[in-house]
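Here is how names work: the chains are called A, B, and so on, in the same order as the sequence lines, proteins then strands, and each is numbered from 1.
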Amino acid sequence: MRELNPQQQQAVTAGTGAILVLAGPGSGKTRVLTQRIAYLIGNMGVRPYHILAVTFTNKAAREMDERIGDLLGERNRGLTLGTFHSTCGRILRREAQYLPFDQNYVIYDADDQIRVVKQVVKDLNLNDKLYRPHGLHASISNAKNELLLPDDFPVQTYRDEVVKRVYERYQKTLLASNALDFDDMLLWTAYLLDQMPAVRERYARRFEHILVDEFQDTNMAQYTLLKHLASFHRNIFVVGDADQSIYRWRGADYRNVLRFEEDYPDSQVILLEQNYRSTQTILDTAMAVIDQNPTRTPKKLFTERGKGQKITLRELYDDREMASFIVGQIAKDIAAQKNQPGDFAVMYRTNAQSRILEEAFLAAYLPYKLVGAQRFYGRREVKDVIAYLRLVYNPRDEISLMRVINIPRRGIGDKSILTLRTYAQQVNLSSGEVVLQLGNGTGTEHGDALPNRVAATLAGFGRLLSSWHTQKDELSPMGLMDLILGDVEYRTYLEDGTEEGKERWENVMELRRLASEYQERSLEAFLENIALVSDQDTIEAGSNVPTLLTLHAAKGLEFPVVFIVGLNDGTLPHIRSFEDPEAMHEERRLLYVGITRAEDQLYLLHALNRFNYGYMEPADPSRYLDDIPLELVSGASARHSPSTDAIFRPERWNDSAELREVEPKYHPGMNIIHAAWGDGMVLNSKIEDDEEIVDIFFEGVGLKRVVASLAHLEVKS
DNA sequence: ATAAAGTGACTTTTT
DNA sequence: GTCACTTTAT
């Protein structure tokens, strides 16, 4: 506690009531939250059972849990700490009796949700060119985040009318499948607390203190359910920073910060402005960028770390040169022992930008870790196995049934599936229930009603499903998985002799390893965990290699050296935000978040040309770069400077071969060819005893030091 | 019923 | 330049 600054202390020891902590980046907000919880338990005598703390990512929750554990040891037992979704998930299972679904509901991920929309579009005979499933889903999601049920959906245009019909049917499909999407978890919890006063009071009385992390990212559903949960004791402690609000497209509304002050007029506001992460130069850069956003509460970030190094602003010829510049810079700093590999992070606006970077790292034999992109849980084979498990857990899960009913092939084609679905609808059952009843002998009437061959194949699958279903409670998640994989001969199906097939099976084995961690826990816990982990949660420290990640994924993290790439208009700000001023403000905040991740050194890079679709086109530097004062930038005229051109247009060097001998001929960033080692990039060059000594990073070979006059280097143009 | 070939759409960020 | 979905050929 003594290590806290006065503002932090004020926040930690604040009394009861509503408290709003506006925490700038790197101002120790996680510290304040954890200390606050420890203070409530240790000093104010609040029982952990009466405290609720919510975060957005599992990672943040885990981190807080560990830190509280460090402070309190076992005394934190009984504390409710989790993400919005996991907390809602628990409440919904417990209170399912009041809701239109069963306790054993499954959670549909983004992919499943789109499949449902596609099915609905088909069922309603809509033109899927005119009504794109993704667009429809976005409209539905927005409505849910605003707590609008299908009946309340406002109709102003013909499209709204269609969306409303799709929404209605989408929601019916989910409920018939005993499934919830992510938005439902918040929506139904808010609905429950709103409609059932007794339930609301039970929870509101229980949670004497509620703490919320990243409050600026809450949407209407989250805000409402927090309000309900805090309705009895009204002790709500929220921490946030409107300048770091970057999830508007997911319904997040930083105006909830304003709403909070309206709803709790006697709330205490505490400002955390001292930064413990970055140099003043980096903070000044960040403020120069964010200050251009209108209607924000100005914050003055300051640090005691001193000015530090200037930031680097650089123009590269294209994405490829940008990537090799970064790799070269990283290799150089590592070779000079200036930094460790794990100190570096490369951030970009869109996941697609990671590919060229990956190629450059791969070519330099420099290990790296990539956050996000092709998710493990998104792999086809992984999804298949999860679908089997989900189907056993909840046979009404239509999406999972359709996924696995004919995988591996068992002669149930489109025709049979259509017959099954039509029949199931007639008898008011889910397809899964019909199959299950055919398999366990309780559905002989289905057998009579369906064509013989269809009934026979379905019954075959039904017998498998039924046997898994009866054994599911005796087996661990891993045991059940083994049983299913064996019964359907999944390995034989995957391993077709190709390398890809082998990889796929290895992924399944990785899933099995994850399941093995649930020996003592239920299938339910395993499935829920799979559904609610995100890329953000898989970021682990420790591997000591550079990190590649999106600006969104970077929130909450910090690195000694940060590269932000693709600072071009159209990329950042992204072209899809151009027409919407609010979206443009969010783009700016995104850059602000990226800049404030840096501790010591910041590189802002843009390209002269960029790849779009498949061809190269000229690109403008990001407009945000104009807002950065030149005195913060190293080399002052780094943009459009002759030196930059010289380095990254190697042909210029061929023209000036008559350079004086005492000056290095090779410069960092140049691409060269060596007779034995092939392609390489110059990292450094210096003159020693009239000889030029060059450090070069060779693709596939590594870092080499050569004497220029002996090495027969060829400059690549 | 399945594999191969062709088409078109799309790339913003994710619990 | 990639993916998913559709059509076409076997």
A.B. asks: Which nucleotide, B:dT14, B:dT15, B:dT11, lies nearest any side-chain atom of A:T83?
C.D. replies: B:dT15

A.B. asks: Heavy atoms under 4.0 Å is the rule here; annotate nucleotides 2-9 of chain B 5' to 3' with B where the base is hit, S where only the sugar-phosphate is, and - elsewhere.
C.D. replies: SS-----S

A.B. asks: Are A:F56 and A:F84 an aromatic pair by the rule of ring centers under 6.0 Å?
C.D. replies: yes

A.B. asks: Give the stems involving DNA chain B, where a stem is 3 or more consecutive Watson-Crick or G-U wobble pairs (i with j, i+1 with j-1, and so on) under 3.5 Å.
C.D. replies: B:1-9 with C:2-10

A.B. asks: When all nucleic acid strands are considered with a 4.0 Å heavy-atom cut-off, which category describes A:F182: base, sugar-phosphate, or nothing?
C.D. replies: base

A.B. asks: Could you state the atom-to-atom distance from CG of A:L557 to P of B:dT13 in whole Å?
C.D. replies: 17 Å

A.B. asks: Would you say A:K118 places a side-chain N or O within less than 4.0 Å of OP1 or OP2 belonging to C:dA4?
C.D. replies: no

A.B. asks: Within 45° of the axis and under 6.0 Å from the centre of the six-membered ring of A:Y247, does NZ or CZ of A:R250 qualify?
C.D. replies: yes

A.B. asks: Can you tell me the distance, in whole Å, between the OH atom of A:Y348 and the C1' atom of B:dT13?
C.D. replies: 12 Å

A.B. asks: In whole Å, what is the span from the CG atom of A:N58 to the C1' atom of B:dT14?
C.D. replies: 13 Å

A.B. asks: Measure from NZ or CZ of A:R610 to the centre of the six-membered ring of A:Y317, then state whether that distance is under 6.0 Å and the direction lies within 45° of the axis.
C.D. replies: no

A.B. asks: If you assign each of A:F84 and A:T350 to its closest nucleotide in DNA chain B, which residue comes earlier from the 5' end?
C.D. replies: A:T350

A.B. asks: May I ask you to verify if any side-chain N or O of A:T55 is less than 4.0 angstrom from the OP1 or OP2 atom of B:dT15?
C.D. replies: no

A.B. asks: Take the protein atom CZ of A:R355 and the nucleotide atom C1' of B:dT11, then report the distance between them rounded to whole Å.
C.D. replies: 12 Å

A.B. asks: Would you please determine if the base of B:dT13 is stacked by A:W249, with stacking meaning a centroid separation under 5.5 angstrom and planes under 30 degrees?
C.D. replies: yes

A.B. asks: Looking only at heavy atoms, which two atoms of A:G251 and A:N219 are closest? And how far apart?
C.D. replies: O-CB, 3.0 Å

A.B. asks: Figure out the CZ/P separation between A:R250 and B:dT15, and round it to whole Å.
C.D. replies: 6 Å

A.B. asks: Please say which of A:V593, A:D243, A:T596 ends up in a side chain to side chain contact (heavy atoms under 4.5 Å, CB included) with A:I290.
C.D. replies: A:D243

A.B. asks: Rounded to whole angstrom units, what separation is found between the CG atom of A:D181 and the C1' atom of B:dT15?
C.D. replies: 11 Å

A.B. asks: Nearest 0.5 Å please: distance from the CZ atom of A:R421 over to the CG atom of A:D123.
C.D. replies: 6.5 Å

A.B. asks: Side-chain donor-acceptor pair under 3.5 Å between A:D181 and A:Y170, yes or no?
C.D. replies: yes

A.B. asks: Is there a side-chain polar atom (N or O) of A:N145 under 4.0 Å from OP1 or OP2 of B:dT15?
C.D. replies: no

A.B. asks: A:E381 and salt bridge (charged side-chain N to carboxylate O under 4.0 Å, His left out): which single residue from A:R403, A:R491, A:R504 fits?
C.D. replies: A:R504

A.B. asks: When you measure from the centre of the six-membered ring of A:F526, is the NZ or CZ of A:R521 closer than 6.0 Å and no more than 45° off the axis?
C.D. replies: no

A.B. asks: Specify the residues of residues 211-228 of chain A, ordered by number, for which at least one heavy atom lies under 4.0 angstrom from an atom of DNA chain B.
C.D. replies: none

A.B. asks: Give one of base, sugar-phosphate or nothing for A:H574, where a contact means two heavy atoms less than 4.0 Å apart.
C.D. replies: sugar-phosphate

A.B. asks: Mapping A:A352 and A:H85 onto DNA chain B by nearest heavy atom, which one lands closer to the 5' end?
C.D. replies: A:A352

A.B. asks: Shortest non-hydrogen contact from A:E587 to A:T571?
C.D. replies: OE1-O, 4.4 Å

A.B. asks: Could you check, using the six-membered ring where one of them is a Trp, whether A:Y493 and A:Y490 have ring centers closer than 6.0 angstrom?
C.D. replies: yes

A.B. asks: With side chains defined as the heavy atoms from C-beta onward, is the minimum distance between A:V117 and A:V121 less than 4.5 Å?
C.D. replies: yes

A.B. asks: Can you tell me the distance, in whole Å, between the CG atom of A:D112 and the P atom of B:dT15?
C.D. replies: 15 Å

A.B. asks: Atom CD of A:Q113 and atom P of B:dT15: how far apart are they, to the nearest Å?
C.D. replies: 12 Å

